[in-house]
Amino acid sequence: MCLKPGDVLRDRYRIINKLGEGGFATTYLANDGLGNPENPLCVVKEIPQPQSNDPRVLQFAQAQFEKEARTLKHLDNCARIPKLIDCFQEQGKFYLIQEYIAGNPLNQEIISGKRFDEKEVIDLLLDILSILDLVHSQGIIHRDIKPSNLIRRQLDGKIVLIDFGAVKGISKLALDGGQITQTRAVGTEGYMPPEQWKNQPKFSSDIYAVGIIGIQAIAGLDIEEIFHHKKTCESIWHYATPDRPIALLSDKLEKVLNKMVRYYFNDRYQSAAEVLQDLISPRASSSPPTVVLSPQIVTVAAEGAIASDSHAHSPPKPPLILPDGLSAGETILFTSSAPRLKQRGVDEFAASKSQQAFNLFKESWQKEYGQDPETLVYMNNAFLEASKADYYTIAVVLPIARKNSDSFAYLSTEAKEYLCGVAQAQTEVNLGLPNYSDRDFPGQDFLPSKAINGKGLKVIIADDANDGGEAKQRALALANQPEILAVIGHANSEMTMHAVDIYNKHNLVLMSPGAATEELTSEPRKIFFRTLYTSSLIAKNIADYLLEKNQKKAAILYNQSSPFCASFREDYTKYFRDCKGGEIVWIRDFDISKKDFNAQRAIEEIKANGETAIVLVPDAHVRSSLDSAFEIIKLNDDSQPDSFAARNWMVGTWTLMGPEILELASQQPQKLFEKLIFSVGWHPLSSPNTEFPQQARSLWGEEGNSRMASAYDAARALIKALEMQPKPSREGMQKTISDPNFRADGATGTIEFNSPNNGDRKNPPSELVHIVKCQKEPFGLAFVPVKYPTAAAAGLKCDRQS
């Protein structure tokens with residue numbers, strides 16, 4: 001019997017209406033007000049049991065349902081797949097409860113007679129394939145990709161993939177010849193290749209379906225208008241009729257689409273990453289590039305023939321063809337503001353007018369809002385082109401993010417902090433160029449200056465938008481630019497995990513200033529290195545400090561889906577409990593990223609366990625986890641009548657450090673933060689390089705923080721590797737940095753790596769800090785190392801009159 005509006009499942013999910021019904025399952029829109037009052041809408045997928053009386057089939061179906069549900073849960077990290085909220089059996093049926101995605105299915109856009117232009121089709125394919133690449137990396141085949149299962153999300157216009165077929169196929173299980181099989185292939189006619197009709201789907205089966213969607217979009221065809229050759233069975237779609245001219249598209253796109261939909265699966269692309277690479281790679285095109293964003297004046301006369309205004313003494317560099325999300329100075333990526341002079345500089349740089357661009361970037365730095373790292377990077381790049389200097393090129397990838405993100409402001413600030421470190425190192429190199437003549441260049445009077453064997457340094461900025469699919473697209477785009485010799489990034493563990501194997505495949509060194517999860521080096525990639533400490537060291541430092549304070553119990557509140565947070569939790573548990581005999585207190589509200597996280601209930605559960613330290617590990621890129629952590633800190637106040645008799649010790653990772661925590665502390669009694677400790681990778685008051693904080697203050701107006709110092713060190717390591725090679729190359733970068741004798745000097749001291757075992761840093765710096773009063777600092781408070789009990793002991797002059 002079908003569910004009706006008003007029916008309630010599990011005393012929680014109230015049915016609103018039916019969304020759709022097929023041969024495998026029925027879907028309903030429901031209200032989950034009890035579980036998620038902020039966003040109560042959800043989707044209920046009802047899957048009937050197999051039509052069999054054999055208990056073996058029913059037992060197999062139940063086990064298969066649980067297995068497939070666990071598999072779907074692994075995809076919760078992907079922002080463009082609906083999150084799995086719940087799964088259960090009730091009244092002889094299987095139920096999946098998933099996040100509701102507001103938006104329109106693609107079958108409302110892809111209709112017969114309507115043609116997308118080539119750029120729209122490529123953008124669509126990139127969008128879908130980036131999701132598919134993540135799905136396949138988890139060993140999952142979707143099986144039912146079609147326009148109606150692709151939702152253009154109302155929030156940001158991105159594509160979301162819904163309705164995985166493997167779970168639905170459970171309803172068609174039966175016993176045949178003593179074996180349990182599926183009586184009907186999962187999928188939709190027209191989008192299923194031949195092997196899928198035989199219940200033998202491959203990863204390339206999903207690629208086939210995406211190719212068909214691309215063909216429909218470019219040619220304006222209904223699915224029935226795509227024919228198949230009688231002998232070869234290959235798809236026939238690029239044709240004209242008396243009332244419809246042939247679709248216009250490049251040879252490149254036609255070849256890609258045809259390879260995606262080849263009849264035999266072995267003849268198709270074998271991975272989504274391969275298709276993405278061919279779509280992004282300029283080398284895959286037989287026609288001239290349509291967008292050349294080189295700061296040189298370049299004329300493409302014919303394929304392979306390039307004329308340039310470069311100096312005669314050095315061979316011309318090939319033009320950089322930068323797709324969306326990458327910029328050497330042609331576009332503003334930090335879009336929270338676009339000052340007039342900076343925008344004019346960008347326009348001039350895109351028009352290959354490097355000298356005019358340099359002048360405008362410099363004027364923007366001086367007049368509009370100085371201390372902007374993006375402006376300084378673009379100024380450096382324009383200077384290199386205008387002065388016709390030789391240079392090497394690296395890239396930096398950051399989560400600059402989109403304005404519709406709930407963490408946009410935080411991400412933008414964090415990205416700028418990393419970029420400050422890179423821009424400072426780049427400026428030091430270019431100040432040392434022999435043909436340098438401009439005396440107003442930022443940092444000339446106080447920064448050290450040393451070119452790379454007489455050459456400069458160009459930096460490409462890339463935005464991964466804190467999205468796994470886009471992180472992979474950026475990685476592919478950078479890998480396909482042979483001029484780029486190494487990459488700094490990504491800024492966090494999750495985005496690095498998404499992209500690292502692409503860099504590894506292309507032998508492109510990835511130097512991370514912010515990814516701390518142990519997962520990245522548990523299976524070493526030869527190209528991966530990091531200047532930050534790892535989650536295991538952070539966990540050890542925090543645990544040792546708590547043990548010194550006689551804290552034998554700890555409750556860990558963290559973001560369960562974050563690679564870094566999950567890695568930290570595992571490392572902390574192993575050390576604190578298994579090595580030191582401490583007790584890990586489990587509470588129901590441990591995942592502080594959930595929107596229904598109950599801070600008051602969490603505090604009460606911790607209180608019930610007696611004296612228990614609270615370990616806070618929020619994901620800085622999930623706004624809700626930060627807000628929940630701040631709420632826990634506020635509730636840890638013994639002045640509240642229903643709170644602790646004495647406040648608990650509370651420790652957190654560097655993700656909590658920033659103006660928000662100082663503002664929060666300034667609004668509370670001093671005792672609120674007397675037992676509040678943070679772990680950081682570097683602090684200016686303990687810097688091994690005592691000059692770096694002073695130079696950073698002169699350039700940026702502040703001594704810098706752990707992000708800035710770690711990114712500066714990442715750049716310094718790459719610069720040193722370039723200096724050590726007669727003819728730098730990607731292979732040479734990897735070999736040089738992985739040499740056990742490699743070392744470079746940075747803000748945090750000597751930089752060395754545990755090569756050839758892994759790319760972790762040897763003896764990485766680390767520090768524990770706390771909050772002290774200091775009237776001259778923002779909010780009247782400052783972070784100082786715990787070895788200094790007061791601001792005065794730390795050498796800070798806090799009197800407003802001093």
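For clarity, every value in this text was computed on a predicted model and none was experimentally measured.
Under 3.5 Å, the side chains of Gln426 and Asn381 contain a donor-acceptor pair of N or O atoms. Between the side chains of Asn754 and Asp760, no donor-acceptor pair of N or O atoms lies under 3.5 Å. Judged purely by distance below 3.5 Å, without hydrogens or angles, the side chains of Gln355 and Asn359 pair a donor atom with an acceptor atom. Side-chain polar atoms of Gln424 and Trp700 form a donor-acceptor pair below 3.5 angstrom. Donor-acceptor pairing under 3.5 Å is recorded for the side chains of Asn705 and Glu417. Tyr712 and Glu428 share a side-chain donor-acceptor pair at under 3.5 Å. Between Ser679 and Trp654, the side chains place no donor N or O within less than 3.5 Å of an acceptor N or O (distance only, hydrogens not considered). Using a 3.5 Å distance cut-off with no hydrogens or angles, the side chains of Tyr503 and His490 do pair a donor with an acceptor. Side-chain contact of Arg530 with Ser493: a donor-acceptor pair under 3.5 Å is absent, judged by distance alone. A donor-acceptor contact closer than 3.5 angstrom links the side chains of Asn380 and Thr427.
Only one option out of Pro764, Pro765, Ser710 pairs with Tyr533 in a side-chain contact (heavy atoms from CB on, under 4.5 Å); it is Pro764. Applying the side-chain contact (heavy atoms from CB on, under 4.5 Å) test between Glu368 and each of Glu363, Gln343, Lys342 identifies Lys342 as the sole match. Just one residue in the list Asp464, Asn466, Ile461 forms a side-chain contact (heavy atoms from CB on, under 4.5 Å) with Ile400, and that residue is Ile461.
Using a cutoff of 4.0 Å between basic side-chain nitrogens and carboxylate oxygens, Asp745 and Arg716 are not scored as salt-bridged. Salt bridge annotation for Asp347-Lys353: absent, with no cationic side-chain nitrogen under 4.0 angstrom from a carboxylate oxygen. Look at Glu470 and Arg474 and you find a salt bridge, because one of the NZ, NE, NH1 or NH2 atoms lies within 4.0 Å of a carboxylate O, short of that distance. The residues Arg707 and Glu702 are annotated as not salt-bridged, no charged nitrogen and carboxylate oxygen being separated by less than 4.0 angstrom.
Under the ring pair (Phe, Tyr, Trp, His ring centres under 6.0 Å) criterion, Phe673 pairs with no residue, sequence neighbours left out.
When atom types are taken as modelled, the side chain of His506 and the backbone of Leu508 share no donor-acceptor pair closer than 3.5 angstrom. Judged by distance alone, with hydrogens and angles left aside, the side-chain atoms of Asn504 form no donor-acceptor pair with the main-chain N or O of Val500 at under 3.5 Å. The closest donor-acceptor contact from the side chain of Thr655 to the backbone of Asp619 lies at 3.5 Å or more, if one exists at all.
Remark: Lys450 NZ is loosely packed, at most 12 non-hydrogen atoms of other residues, nucleotides or ligands lying under 6.0 Å away. Around CZ of Arg525, the count of heavy atoms belonging to other residues, nucleotides or ligands within 6.0 Å exceeds 12. Counting heavy atoms of neighbouring residues, nucleotides and ligands inside a 6.0 Å radius, atom CG of Asn507 exceeds 12 of them.
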Next item on the list: Decide yes or no on ring pair (Phe, Tyr, Trp, His ring centres under 6.0 Å) for Phe383 and Phe441, but give the supporting numbers first.
Entry: CA-CA 10 Å; Phe383 166 74; Phe441 204 88; 5.8 Å; yes
Next item on the list: For side-chain contact (heavy atoms from CB on, under 4.5 Å), just list the numbers for Met733 and Leu722, CA-CA rounded to whole Å, side-chain angles, deciding distance to a tenth of an Å, and then say yes or no.
Entry: CA-CA 7 Å; Met733 294 294 287; Leu722 290 167; 3.6 Å; yes
Note to self: As a quick check of understanding, evaluate side chain to side chain donor-acceptor pair (under 3.5 Å) for Glu374 and Tyr378, giving each step before the final call.
What the structure shows: CA-CA 6 Å; Glu374 185 182 34; Tyr378 291 169; 2.9 Å; yes
Next item on the list: Decide side-chain contact (heavy atoms from CB on, under 4.5 Å) for Lys416 and Phe334; before the verdict, give the C-alpha distance in whole Å, the side-chain angles of both, and the deciding distance to 0.1 Å.
Entry: CA-CA 9 Å; Lys416 284 189 175 182; Phe334 289 85; 3.4 Å; yes
Next item on the list: List the steps, then state whether side-chain contact (heavy atoms from CB on, under 4.5 Å) holds for Glu494 with Met497.
Entry: CA-CA 5 Å; Glu494 186 172 359; Met497 290 289 293; 5.8 Å; no
Next item on the list: With salt bridge (Lys or Arg N to Asp or Glu O under 4.0 Å) as the test, would you mind laying out the steps for Glu731 and Lys735 before giving the verdict?
Entry: CA-CA 6 Å; Glu731 182 179 3; Lys735 288 183 177 179; 3.0 Å; yes
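Looking only at side-chain heavy atoms (C-beta outward), Leu326 and Leu478 come within less than 4.5 Å of each other. Here the side chains of Phe564 and Val617 are in contact, with some heavy-atom distance below 4.5 Å. A heavy-atom distance below 4.5 Å is not found between the side chains of Leu384 and Leu457.
Applying the ring-ring contact (aromatic ring centres under 6.0 Å, His included) test to residues at least two apart or on different chains, none of the pairs has a partner in residues 713-743.
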